[in-house]
Each structure stands twice: as C-alpha cells, then as structure tokens.
Novice: 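Got a structure here, written out as structure tokens. Questions coming.
Treat the numbers as computed from the prediction; the structure is a model and nothing was measured.
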Amino acid sequence: MATGYLLKRYAVVSVITMFAVLVISYLLDVFAGFDIGSGGSIATALVPAMDAGQTYARRLMKQPESGFAWKLSAVFVVINAALGLAFSLVFVTAFGGLADVSQSLSEVGPTGWVIIIAIAFTVYWLASRFFFGFGAKTELKMQEKLAAKKQP
C-alpha cells in the first residue's frame with residue numbers, strides 16, 4: 001500500500017475531525033456552559049491516527065513495523081499542525097481576533113514558542129504513534145473475529 005494514500009486519508013480525516021471538534025466545542029459552550037479548551041484539540045490527532053492504523057491493517061492484514069510507524073507518526077504531526085494552523089487562521093480571520101492572536105504570540109516570545117512547539121510535537125508524536133498502532137491492532141482483532149464467525 002502506498003504511504004501517500006495513508007497521508008491523504010489522514011489529512012481528510014484530520015479536517016473532518018477538526019470541524020467536528022469545533023462544532024462540539026461550540027455546542028457544549030452554548031448549551032452546557034462547558035469549555036473544552038485546547039485539550040480537545042488532541043482529538044484532532046488521535047482520531048485520524050487511529051483511522052490510518054485501521055486502514056493500514058485492513059489493507060495489508062498486518063501490524064505496521066515499529067520504525068515505519070514512528071516515521072509516519074512524525075509526518076502525521078506535521079500534517080496535523082499545518083492543517084490546524086490553516087484551519088485556525090481561517091476562523092480567526094473570519095470571526096476577528098487576529099489582534100488577540102498577535103498579542104498572544106508577542107507575549108510568549110520566540111524562545112517560549114520554540115519550547116511550546118517542541119513539547120507539543122513530542123506529545124502529539126507519541127499520541128499519534130500509540131493510536132496508529134492501536135488502530136491497526138483493533139482492526140486486526142476485528143478481522144479475526146469476523147473470520148471466526150464465517151467458519152462453520
């Protein structure tokens with residue numbers, strides 16, 4: 001299976017998940033007064049990574065090699081960050097607040113942003129790697145159960 005297919009699928013599922021998290025966050029805030037904050041953004045990396053793992057296992061009927069999974073998960077983080085930045089810029093620009101973002105960026109400073117980005121990359125990379133493998137593992141178990149049901 002081509003890695004390009006997994007990356008494209010990851011990107012599409014990421015955008016769908018980002019939109020879903022945005023809608024759910026808004027609805028929770030309006031109807032329940034609950035703000036999920038930035039913690040909800042990790043779902044935008046976990047859901048597509050798990051989907052990619054399931055897709056990989058469904059197509060190749062095996063668990064991904066560890067080295068491949070680590071490398072691919074790093075690419076997942078870069079894709080997720082780029083899409084998340086674009087998604088955020090569209091909404092900040094559309095609904096105002098660009099000045100607020102600019103002020104936040106300047107308050108932290110360049111060194112602070114390097115540290116924040118390094119920590120976020122590491123957390124997202126580990127989470128993506130775990131959920132990529134977890135998605136493949138659960139898909140293989142489901143395929144085994146389906147195959148066992150078909151046997152008389």
Novice: To check you understand the geometry: which heavy-atom pair defines the closest contact between Phe132 and Pro64, and what is its length?
Specialist: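 Looking at all heavy atoms of both residues, the shortest contact is CE2-CG, 3.5 Å.
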Novice: Going hydrophobic residue to hydrophobic residue with side-chain gaps under 4.5 angstrom, can you get from Val75 over to Val123?
Specialist: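 Not linked; separate clusters.
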Novice: List the atom of Ala69, the atom of Ser73, and the distance in Å for their closest heavy-atom pair.
Specialist: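 For Ala69 versus Ser73, the nearest heavy atoms are O-OG, 2.7 Å.
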Novice: For Phe68, is the CZ atom crowded, meaning more than 12 foreign heavy atoms sit under 6.0 Å from it?
Specialist: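 Yes.
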Novice: Test side-chain contact (heavy atoms from CB on, under 4.5 Å) on Asn80 and Tyr10 and set out the steps.
Specialist: CA-CA 9 Å; Asn80 192 275; Tyr10 180 89; 3.5 Å; yes
Novice: Could you give the distance from CD1 (Ile36) to CG (Asp29), rounded to the nearest 0.5 Å?
Specialist: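 Interatomic distance, Ile36 CD1 to Asp29 CG, rounded to 0.5 Å: 9.5 Å.
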Novice: Kindly give the heavy-atom pair with the smallest separation between Ala49 and Ser128, and that separation in Å.
Specialist: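 For Ala49 versus Ser128, the nearest heavy atoms are CB-O, 3.6 Å.
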Novice: Could you tell me whether the side chain of Arg129 reaches within less than 4.5 Å of the side chain of Ser66, counting heavy atoms only?
Specialist: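 Counting from C-beta outward, Ser66 and Arg129 do come under 4.5 Å.
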Novice: Has Phe87 got more than 12 heavy atoms of other residues, nucleotides or ligands less than 6.0 Å from its CZ?
Specialist: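 Result for CZ/Phe87: enclosed.
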Novice: Examine Trp70 and Phe130 and state if one hydrophobic cluster contains both, with Ile, Leu, Val, Met, Phe, Trp and Tyr joined whenever side-chain heavy atoms are less than 4.5 Å apart.
Specialist: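 Linked, Trp70 and Phe130 end up in one cluster.
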Novice: Does a donor on one side chain sit under 3.5 Å from an acceptor on the other, for Thr3 and Tyr56?
Specialist: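 Thr3 vs Tyr56: no donor-acceptor pair found between side chains.
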Novice: Quick check: do Phe131 and Leu126 have side-chain heavy atoms less than 4.5 Å from each other?
Specialist: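 No, their side chains stay 4.5 Å or more apart.
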Novice: Taking Thr44 for the side chain and Ser41 for the main chain, is one N or O donor matched with an acceptor at less than 3.5 Å?
Specialist: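 Looks like yes, one N/O pair under 3.5 Å.
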Novice: Hey, quick one: are Phe34 and Val21 part of the same hydrophobic cluster, counting side-chain heavy atoms closer than 4.5 Å, chains of contacts allowed?
Specialist: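 In one cluster: yes.
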Novice: Please say yes or no: joined through hydrophobic side-chain contacts below 4.5 Å, possibly via intermediate residues, are Ile116 and Val78 part of one cluster?
Specialist: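 Not linked; separate clusters.
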Novice: Counting only heavy atoms from other residues, nucleotides and ligands, does the tally under 6.0 Å from CZ of Phe121 exceed 12?
Specialist: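 Check passes, neighbour count above 12.
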Novice: Test your reading of the model: is there a side-chain donor-acceptor pair from Gln54 to the backbone of Thr138, 3.5 Å cut-off?
Specialist: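 It does not hold such a pair.
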Novice: Taking the six-membered ring of Tyr5, is NZ or CZ of Arg59 closer than 6.0 Å to its centre and within 45° of its axis?
Specialist: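 Geometry flag: set, cation within 6.0 Å and 45°.
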Novice: Please report the interatomic distance CE(Met61) to CD(Gln143), rounded to the nearest 0.5 Å.
Specialist: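 Answer for the CE-CD pair, Met61 versus Gln143, is 4.5 Å.
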Novice: I'd like to know if the side chain of Trp125 and the backbone of Ala120 have a donor-acceptor N/O pair within less than 3.5 Å.
Specialist: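 Pair absent, no side-chain N/O of Trp125 close to backbone of Ala120.
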Novice: Do Leu6 and Leu83 belong together in a cluster built from hydrophobic side chains that touch within less than 4.5 Å?
Specialist: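 Yes, same cluster.
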Novice: Heavy atoms only: give me the nearest Val13-Pro48 pair and the separation to one decimal.
Specialist: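 Closest approach of Val13 to Pro48: CG1-CA, 3.6 Å.
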Novice: Output the distance between atom OH (Tyr124) and atom CD1 (Ile117), rounded to the nearest 0.5 Å.
Specialist: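 With rounding to 0.5 Å, OH (Tyr124) is 12.5 Å from CD1 (Ile117).
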Novice: Looking only at non-hydrogen atoms, find the nearest pair between Thr17 and Ala43 and report the distance.
Specialist: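 Reported closest heavy-atom pair: CG2-O, 3.5 Å.
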Novice: Can you tell me how far the CD atom of Glu139 sits from the CG atom of Leu60, to the nearest 0.5 Å?
Specialist: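 Output value for this atom pair is 11.5 Å.
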Novice: To the closest 0.5 Å, what do you measure between CG (Leu7) and CZ (Arg9)?
Specialist: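 Going from the CG atom of Leu7 to the CZ atom of Arg9 covers 12.5 Å.
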